[in-house]
Amino acid sequence: MARITAGVSTSHVPAIGAAIDLGKTQEPYWAPLFKGYEFSKQWMKENTPDVIFLVYNDHATAFDLNFVPTFAIGCAEEFQPADEGWGRRPVPTVKGHPELAAHIAQSVIQSDFDLTIINKMDVDHGLTVPLSLMFGQPQEWPCRVIPFAVNVVLYPPPSGMRCYQLGKAIRRAVESFDQDLNVQIWGTGGMSHQLQGPRAGLINKEWDNRFLDRLIEEPDELAKMPHIEYVREAGSEGIELVMWLIMRGALDPKVNLVHRFYHVPASNTAVGHLILENPR
Amino acid sequence: MALDKPYADIPGTTIFDADQARRGYWLNQFAMSLMKAENRERFKANERAYLDEWKMTEEQKQAVLARDYNRMIALGGNIYFLAKIFATDGKSFQYAAALMTGMSQEEYAQMMLNGGRSPEGNRYIGEKSNG
């Protein structure tokens with residue numbers, strides 16, 4: 001049977017991808033950020049899963065305003081890194097796992113979460129930057145990836161509770177898959193940031209760290225937080241953090257904290273990162 | 001019954017909700033078209049003519065020509081779509097963010113290095129800042 005062994009959460013700031021692609025990771029501005037991922041890259045080498053279920057959001061790349069799916073699962077064989085207007089990132093093609101993705105789609109829809117099935121989609125920095133942070137710059141990504149896109153661009157996104165419950169449904173789906181697969185679930189985006197209007201640049205270090213504490217210790221309670229608190233306290237784009245609750249919902253109530261990192265700034269954004277393992 | 005919009009009292013912030021998305025549909029779709037290199041070239045060659053191919057309001061077109069991002073957002077633009085416009089101009093997210101706050105890019109970058117804009121005094125319109 002397939003099993004979810006660990007969860008990873010990380011911000012997915014596009015400038016981080018550019019810093020990696022342009023060889024700037026050792027520059028004074030970026031070095032402290034990448035230092036926080038040194039442990040993670042080593043951990044990934046020792047704990048490479050068969051499949052990553054990667055929760056992220058599209059940033060007006062694959063989806064324009066003609067179609068805005070709340071939850072969309074990528075069921076294709078492969079996904080190309082998107083050209084977001086500056087050319088494609090020089091990263092490997094993302095190989096999917098159509099069989100597991102289709103199984104999860106069918107199972108989760110029958111658990112009352114109405115997913116949109118996507119069979120052709122380019123993936124933007126929301127998905128490729130976390131892969132680069134955790135794997136560095138390999139010729140090929142060392143495992144399969146199922147992209148799972150959540151709408152957090154057009155308000156309202158799904159509630160934190162909806163996301164948390166969806167994580168639980170995804171876990172049940174994975175555990176009912178017959179092949180022996182080691183699956184990780186990643187939740188990306190956040191932490192506090194606002195990219196628009198006169199309030200742009202908002203960062204809330206205290207709130208972010210409290211969010212990390214609560215995500216680890218009391219996710220049931222954290223899931224009840226209304227959208228307005230994310231937006232008011234963590235900025236209009238801080239709402240991306242609901243995606244971390246999908247990851248957390250798919251893990252055990254009690255998890256082992258393997259790694260925790262927080263850094264300000266990456267361009268306009270506060271960067272947060274956790275590695276959580278399900279107890280064996 | 002009108003929808004409850006508790007986010008209306010957050011200073012300096014426009015939430016891209018369904019009403020804004022409706023207002024900004026063509027503005028955002030125009031911006032999205034700049035993902036394609038040939039469209040970027042056509043836009044750069046004659047901005048006004050390219051804008052006239054889209055069913056945008058005159059106000060929206062003027063805001064684009066002036067690169068007034070706060071105005072574009074007020075008229076239904078969303079920052080991830082508008083990003084295609086400043087990318088076409090060869091500008092970064094940090095450039096655009098600084099512009100919207102009225103700070104120079106250097107001042108803005110320094111504010112971020114210093115830990116970003118504090119939430120104190122920025123949660124509610126009229127909230128008194130502690131610092």
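First the proteins, then the strands, lettered A, B, ... as listed; each starts at 1.
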What residue, out of [options], has the most heavy-atom pairs lying under 4.5 Å from chain A?
{"options": "B/Arg40, B/Met103, B/Met111", "result": "B/Arg40"}
{"options": "B/Gly116, B/Pro119, B/Gly115, B/Ala97", "result": "B/Pro119"}
{"options": "B/Thr14, B/Asn78, B/Leu82, B/Leu99", "result": "B/Thr14"}

Sub-4.5 Å side-chain heavy-atom contact between B/Thr101 and A/Pro198 = no

Are any non-hydrogen side-chain atoms of A/Ile228 and B/Ile10 less than 4.5 angstrom apart?
-> yes

salt_bridge(A/Arg232, B/Asp9) N-O dist < 4.0 Å | yes

Quick one: what part of [X] sits under 4.5 Å from any heavy atom of chain A, side chain, backbone, both or neither?
{"X": "B/Tyr69", "result": "neither"}
{"X": "B/Ser118", "result": "backbone"}
{"X": "B/Gln94", "result": "both"}

Could you give the distance from OG (B/Ser33) to CG (A/Asp64), rounded to the nearest 0.5 Å?
-> 10.5 Å

In Å, rounded to the nearest 0.5 Å, how long is the span from OG1 of A/Thr269 to CZ of B/Phe93?
->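 These two atoms lie 9.0 Å from each other.
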
Residue pair A/Leu65, B/Phe81: steps toward the side chain to side chain contact (heavy atoms under 4.5 Å, CB included) verdict | CA-CA 9 Å; A/Leu65 282 186; B/Phe81 289 84; 3.7 Å; yes

Given 3.5 Å as the limit, does a donor-acceptor pair link the side chain of [X] with the main chain of [Y], or not?
{"X": "A/Gln196", "Y": "B/Ile79", "value": "no"}
{"X": "B/Lys84", "Y": "A/Ala60", "value": "yes"}
{"X": "A/Arg199", "Y": "B/Asn122", "value": "yes"}

In sequence, state the C-alpha distance, the side-chain angles, and the governing distance for B/Asp19 and A/Tyr155, and then conclude on side chain to side chain contact (heavy atoms under 4.5 Å, CB included).
-> CA-CA 10 Å; B/Asp19 280 334; A/Tyr155 194 95; over 6 Å; no

If you tally heavy-atom pairs under 4.5 Å against chain B, which of A/Asn66, A/Asp83, A/Val68 wins?
-> A/Asn66

Heaviest contributor of heavy-atom pairs below 4.5 Å to chain B, chosen from A/Asn268, A/Asn204, A/Val264, is A/Asn268

Take atom [atom1] in [X]; do more than 12 heavy atoms of anything else shown fall under 6.0 Å from it?
{"X": "B/Lys36", "atom1": "NZ", "result": "no"}
{"X": "A/Lys35", "atom1": "NZ", "result": "no"}
{"X": "A/Glu77", "atom1": "CD", "result": "no"}

B/Met112/A/Ile203 under side chain to side chain contact (heavy atoms under 4.5 Å, CB included): CA gap, chis, key distance, verdict = CA-CA 8 Å; B/Met112 296 313 298; A/Ile203 298 287; 3.7 Å; yes

At a 4.5 Å cut-off on heavy atoms, which part of [X] comes close to chain B: side chain, backbone, both, or neither?
{"X": "A/Phe63", "answer": "backbone"}
{"X": "A/Ser192", "answer": "neither"}
{"X": "A/Glu206", "answer": "neither"}

When you check the side-chain N and O atoms of B/Tyr80 and A/Asp58, is any donor under 3.5 Å from an acceptor?
->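 No, no side-chain donor-acceptor pair sits under 3.5 Å.
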
Specify the closest pair of heavy atoms between A/Ser236 and B/Thr13, including all atoms of both residues, with the distance to one decimal.
-> CB-CG2, 4.1 Å

What do the steps show when you test B/Asp17 against A/Leu154 for side chain to side chain contact (heavy atoms under 4.5 Å, CB included), and what is the final call?
-> CA-CA 6 Å; B/Asp17 61 11; A/Leu154 201 171; 5.7 Å; no

